[in-house]
Amino acid sequence: MSTPHPAGPELDGVHPAWLPQEAFRAIGSRRTLVRGDGVLADTVRAEVAYACALHGGVLLTDPEKPHDLALTVGGAPHAGEEGFVLARADGVTSVTAGGPAGLLYGLFEVVRRGEAAFGADLPAGTHRPALPRRMLDHWDNVDVHPVMGQVERGYAGGSIFWRDGEPRADLSRVRTYGRLLAACGINAVAVNNVNVHATEERLLTDRLGEVAAIAAELRPYGVRVHLSVSFASPVTLGGLGTADPLDDGVRAWWARTTERVYATVPDFGGYVVKADSEGRPGPFAYGRDHADGANVLADALAPFGGVVHWRAFVYDHRQDWRDRSTDRARAAHDHFAPLDGRFRDNAIVQVKYGPIDFQPREPVSPVIAAVPRTRLAVELQVTQEYTGQQKHVCYLAPMWREVLGFRLWGPEGRSVADVATGGGLVAVSNVGDDPYWTGHPLAQANLYAFGRLAWAPELDPAAVLDEWIGLTFPSAAGGPLRRALHDIMDGSWRTYERYTAPLGVGFMVRPGHHYGPDVDGYEYTPWGTYHFADRDGVGVDRTRATGTGFTGQYPLPWSEVYESLDTCPDELLLFFHHVPYGHVLSDGTTVIQHIYDTHFSGAEEAAAMRATWEKAAAADITGEPGVPVGLHARVRELLDEQVRSAREWRDQVNAYFFRKSGVPDAHGRPLH
């Protein structure tokens, strides 16, 4: 029987996140029957045995013996391979799974409920994931990149897979990571950077054994491994003279290579490709399009049940900032909408949720509505590249819930989550080798929430937050710590939005590392133009009438809603329109006053978050257990930085727009 770890699932010096020993008390103190075969069923038995060893319960295999909890594979085929039926009657809680994966997810559902799973009778309810693939993309490098380091856009230390060009000798932390992922519903991981460099390319060939070793650690928790590959691999690895996707030799090379991959990793998930984007090689070099490029990999993967995730993040990153007809927001739709229906069934077009690049506020990408005959995955960013880099508290689930619930064809139409059922939900990981996994201990909540929303997009983000708090800080139930954590985190995304870029403009960050304010940092670069502020007004005209025409990429009713100043939502106003500073918003405030007010209030809210944490810590010291000393100190230090940074954002943005507009603050506050 496989075991999660030789000495139990927890690792010395590594925070247990949402699976501390206390979270297993409800199961571990009872008599639990487990019935099922295979690797995942063995994992469930090992988890129950570990919990019982901690808390005095009993693991049973004989169904005739009295038990409090029954975990059984079979008897619920309607639930699907990953689903299960949960019920309680006659003093027994039962999980009946459609397959071994469902048994694993059912176990963690009982862990999540704790004592509530053993209370009042519960009518049988079927639980199954809304999205088939719930995936994390690691932007990990094998070699340390001279600019991006070991993990590109990583804010939690180095890679958990590699260190200084070599695989980590001890992969026990990877097994623990798989356990955390299964506990929130994630079932796939791409283990290397989408910007595939020379060393990382070789993971496909002579370093494939490293991928197999990672897969072996994640397999007991139902997590399949995917690999980012370079489109140019037939040339750089295979020695061919071309990577043309329509070349017979290229197609044969991908087929042979993929066959070797599956011979080494039989449950391999597939490939992730970034092509013709930000300098990466792609089919454009051969006069081909993205469907041609994706299909050659899809054909190689098809005999083995694999998929290719082909990223739609394609745009001209060498623009002339003076040319207002060029609009980075249009690019993905311009490239991919004409290709709808040409992708293979196992080719998944992976689309960022917004049309720009993971900004604190963007409209939903129109590409999500534009390819109805193509399998599509929606991409989020758990790593906080533009949302505080895990130095700031910024709980992102409320944003994601808005995106997933957005109805592209109006109130009666399908939601983003509905569209994604064909391909799934993908997010860029925020995990590194930091003792707290995510650098900021509270950033763990974003990883947990991504998994939960990928499983059930209709969940309330506030309820998911309370789940995470209850699991991660089990001894703080009902006390000031739990209330403080909820108060600090629940509105933190909107707080971050208030003290950074206003009304949907985005990208007012320092170029390169993307941390801290620089209002004009990207405004005159080849990467795009984002706010067009001048003495008279601010915002990008993306209308059909007078601008770039981007609003026309949306279906009705949104193409008309965004086109009109009268109906465009205030929070996206400057994304779609260039307006005078005196333009009046729906609450009666002018744009310039809104900029001043929100930046002052955002900085004040950040300071209040720090005060709330200190107050909770004082209560903790006087008798409410819950926060280890080291964790408290890390959070306090990071909240200090958030307060400092929020003030810097406030002062730089307010001063910039005061100097542009010449309009003073109506309340007489200093505009530095």
Side-chain angles (χ1 to χ4, degrees), residues 1-4 8-9 18-129 178-185 187 219-223 451-452 455-456 467 470-471 474:
M1 180 171 67
S2 63
T3 56
W18 49 89
L19 291 181
Q21 293 179 355
E22 185 63 25
F24 289 82
R25 181 175 294 280
I27 287 178
S29 60
R30 288 178 164 85
R31 299 162 299 178
T32 300
L33 171 68
V34 179
R35 289 189 292 179
D37 299 318
V39 172
L40 298 185
D42 287 347
T43 298
V44 171
R45 271 188 282 271
E47 287 285 349
V48 173
Y50 174 71
C52 290
L54 288 173
H55 301 295
V58 180
L59 168 63
L60 301 171
T61 56
D62 183 353
E64 300 303 318
K65 290 188 176 181
H67 50 271
D68 309 297
L69 172 64
L71 301 162
T72 307
V73 176
H78 63 284
E81 177 64 24
E82 294 187 306
F84 58 91
V85 176
L86 177 65
R88 181 168 176 79
D90 301 324
V92 176
T93 300
S94 62
V95 170
T96 307
L103 192 72
L104 181 68
Y105 293 128
L107 166 73
F108 285 121
E109 176 65 24
V110 176
V111 171
R112 190 158 37 243
R113 294 183 181 222
E115 285 297 331
F118 301 95
D121 283 0
L122 183 68
T126 300
H127 301 254
R128 65 171 69 89
R179 182 174 183 254
L180 289 172
L181 299 186
C184 64
N187 66 357
R219 187 173 294 116
Y221 287 97
V223 180
R452 295 289 285 133
W455 179 282
E467 276 183 11
L471 288 166

Show your reasoning for whether side-chain contact (heavy atoms from CB on, under 4.5 Å) applies to T32 and I27. CA-CA 7 Å; T32 300; I27 287 178; 4.1 Å; yes
Are the side chain of [X] and the backbone N or O of [Y] linked by a donor-acceptor pair below 3.5 Å?
X    : Y    : value
T43  : P220 : yes
W18  : L180 : yes
H67  : K65  : yes
R128 : H78  : yes

Checking L107 against L71 for the side-chain contact (heavy atoms from CB on, under 4.5 Å) test, could you report, in this order, the C-alpha distance in whole Å, the side-chain angles of both residues, the deciding distance, and whether it holds? CA-CA 7 Å; L107 166 73; L71 301 162; 4.1 Å; yes
Residue pair [X] / [Y], side-chain heavy-atom distance below 4.5 Å:
X    : Y    : answer
P100 : E81  : yes
S94  : R88  : no
V95  : V110 : yes

If you round to the nearest 0.5 Å, how far is [atom2] of [Y] from [atom1] of [X]?
X    : Y    : atom1 : atom2 : value
E82  : L103 : CD    : CG    : 13.0 Å
L181 : N187 : CG    : CG    : 9.5 Å
F108 : Y221 : CZ    : OH    : 6.0 Å
L86  : T93  : CG    : OG1   : 7.0 Å
F118 : D68  : CZ    : CG    : 7.0 Å

Around D37, counting heavy atoms of other residues, nucleotides and ligands shown, do more than 12 lie under 6.0 Å from its CG?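 No, CG of D37 has 12 or fewer neighbouring heavy atoms, counting only those of other groups under 6.0 Å.
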Between [X] and [Y] (salt bridge meaning N to carboxylate O under 4.0 Å), is one present in this structure?
X    : Y    : answer
D42  : R45  : yes
R30  : E115 : yes
E47  : R179 : yes
R452 : E467 : yes

What are the two closest heavy atoms between [X] and [Y], and how far apart are they?
X   : Y    : result
V85 : A124 : CG1-CB, 3.8 Å
R35 : P63  : NH1-CB, 3.7 Å
G98 : A79  : N-CB, 4.5 Å
A76 : T96  : CB-O, 3.5 Å

With side-chain contact (heavy atoms from CB on, under 4.5 Å) as the test, would you mind laying out the steps for F24 and V48 before giving the verdict? CA-CA 9 Å; F24 289 82; V48 173; over 6 Å; no
Would you call the rings of F84 and H127 parallel, tilted or perpendicular, where under 30° means parallel and over 60° means perpendicular?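 Ring orientation, 0 to 90° scale: parallel.
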